[in-house]
Amino acid sequence: MALKLDGKQLAAEVEQRLQAEIAAGLAQAGRQPGLAVLRVGDDLASGVYVANKEKACGRIGVASYRTHLPATVTASEVLDKIQALNIDERVDGILLQLPLPSGLDEGPLLAAIDPEKDADGLHTLNLGRLLKGEPGPRSCTPAGVMALLARHQIPLQGKRAVVIGRSILVGQPMALMLQAANATVSVAHSRTNDLASLTQQADVLVVAAGRARMIGAEYVKPGSIVVDVGIHRLPPDPAQGPDAKSRLCGDLRAEEVEPLASALTPVPGGVGPMTVAMLLVNTVARWQQHCGLPLSLRDLLP
Ligand code: NAD
């Protein structure tokens, strides 16, 4: 039976720590940390994610400033808003919620965010800092995975790690972080031949392919650590009758992997809550920096 790598539990612990750090620095800083959340258009899932992030801010004492622009907005109007947030002294972190409506190119807009206020850690400068091992905001999802592995004292040095997925959001920074922790890392992607023979060598397997229930027992080395980054909503199963509800699942066929792996992240309740927690870590760390406070969160930023 695999150990459950409980992201919900760890995210709650991280929030408690952040709350204490904010309380400790508030008098010297003279203001709360601030996160600006910029949403464009009406993507439904984005609406839920934004609401979750704002709730998390409220729980720990981060002020959240929401801007919701219509899908018809022009790139230059979004740019104006980002530039206004860049110089807003209440704001330590800026988050541009993705995906953007079709017709808006995220590249130049992400690049316009002040790298010192880059709550998502996706700015080119911050990806470069990660590559070079320099401190800075880190991509939230892979940073959350690293925090989960560290919390469970999972050794990475000298281990064979395989990351499925090479996106800038997840796969690439994940591979860099595992490598920085001295794992030997391979990155698989949609053009990889014979994926199973690669993943079967993995002591640590991180799956971020964005394909619901793609990875089952035949891909997994017995005793390995398996992290499921994927998140998908499946339609109700008609076999469960007319009252069946939609369900969440990951990129794993978890029921097959669970008996084989030594540790596994659940979906939901694994990587998802850690992504939000790391957004808060990035924001509070920026606040400490902007306000000249001691930088006490380095251990949480891989
Ligand atoms: P993406 O679509 O940008 O990238 C998917 C990657 O997987 C690509 O590099 C592609 O080459 C690779 N891939 C696709 N099919 C493959 C296959 N058959 N074999 C091997 N590789 C394959 O997706 P993303 O933004 O990196 O996100 C990946 C998943 O993680 C999605 O399900 C997404 O919803 C989820 N996600 C979850 C969180 C969270 O907080 N839990 C955060 C970000 C992303």
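Counting starts at 1 for both ligands and their atoms, in listed order.
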Query raised in the report: Should Arg253 and Glu218 count as an ion pair when the cut-off is N to O under 4.0 Å?
Result: yes
Query raised in the report: Looking only at non-hydrogen atoms, which of Met214, Arg211, His232 approaches atom 17 (C) of ligand 1 most closely?
Result: Met214
**Report entry** Leu95, Thr141, Ile94 screened by side-chain contact (heavy atoms from CB on, under 4.5 Å) with Asp120, the one that passes
**Finding:** Leu95
Query raised in the report: Taking only heavy atoms of Thr275, which atoms of ligand 1 are found under 4.0 Å from at least one of them?
Result: 39 (C), 40 (O)
Report task. State plainly whether one hydrophobic cluster holds both Tyr219 and Val267, where clusters connect Ile, Leu, Val, Met, Phe, Trp and Tyr through side-chain heavy atoms under 4.5 angstrom apart. Result -> no
Report task. Just need the protein heavy atom nearest to atom 20 (C) of ligand 1, so name the residue and atom and give the distance. Result -> His189 O, 3.1 Å
Query - Asp88/Arg90 ion pair, N-O < 4.0 Å - result: yes
Requested in this report: Please determine if Arg17 and Glu21 form a salt bridge, counting it only when a charged side-chain N lies under 4.0 Å from a carboxylate O.
Outcome: yes
Requested in this report: Would you mind checking if Glu13 and Arg151 are paired as a salt bridge, meaning a charged N to carboxylate O distance below 4.0 Å?
Outcome: yes
Query raised in the report: Does Leu205 share a hydrophobic cluster with Leu149, counting links as ILVMFWY side-chain heavy atoms below 4.5 Å and allowing steps through other members?
Result: no
**Report entry** Sub-4.0 Å atoms of ligand 1 with respect to non-hydrogen atoms of Val170
**Finding:** 26 (O), 43 (C), 44 (C)
Report task. Please write down residue, atom name and distance for the protein heavy atom closest to atom 36 (N) of ligand 1. Result -> Val229 O, 3.7 Å
Report summary line: When distances are taken from atom 8 (C) of ligand 1, the protein heavy atom at minimum range is Arg166 N, 3.9 Å
Query raised in the report: Quick one: nearest non-hydrogen protein atom to atom 5 (C) of ligand 1, plus distance?
Result: Ala209 O, 3.5 Å
Query raised in the report: Can a protein heavy atom be found under 4.0 Å away from atom 2 (O) of ligand 1?
Result: no
Query raised in the report: When you measure from atom 26 (O) of ligand 1 to each heavy atom in Pro273, Ala188, Ser167, which option holds the nearest one?
Result: Ser167
Query raised in the report: Would Lys221 and Asp203 count as a salt bridge (Lys or Arg N to Asp or Glu O under 4.0 Å) if you check the C-alpha gap in whole Å, the side-chain angles of each, and the deciding distance to 0.1 Å?
Result: CA-CA 7 Å; Lys221 174 172 158 179; Asp203 302 309; 2.8 Å; yes
Query raised in the report: Between Glu258 and Lys4, is there a side-chain N and carboxylate O pair less than 4.0 Å apart?
Result: no
Report summary line: If we number the atoms of ligand 1 from 1 as shown, the ones under 4.0 Å from a heavy atom of Leu169 are 25 (O), 43 (C)
**Report entry** Shortest reach to atom 31 (C) of ligand 1 by a heavy atom, considering only Ala45, Ala212, Gly210
**Finding:** Gly210
Query raised in the report: What atoms of ligand 1 come within less than 4.0 Å of a heavy atom belonging to Ile164?
Result: 20 (C), 21 (N)
**Report entry** Closest approach of any protein heavy atom to atom 28 (C) of ligand 1, naming residue and atom
**Finding:** Ala208 O, 3.6 Å
**Report entry** Identity and distance of the protein heavy atom lying nearest atom 12 (C) of ligand 1
**Finding:** Gly165 CA, 3.8 Å
Query raised in the report: Are the charged groups of Arg129 and Glu116 less than 4.0 angstrom apart, N to O?
Result: yes
Query raised in the report: To the nearest 0.1 Å, how far is atom 42 (C) of ligand 1 from its closest protein heavy atom, and which atom is that?
Result: Thr141 OG1, 3.2 Å
Query - Shortest protein contact, atom 11 (O) of ligand 1 (heavy atom only) - result: Ser190 N, 3.0 Å
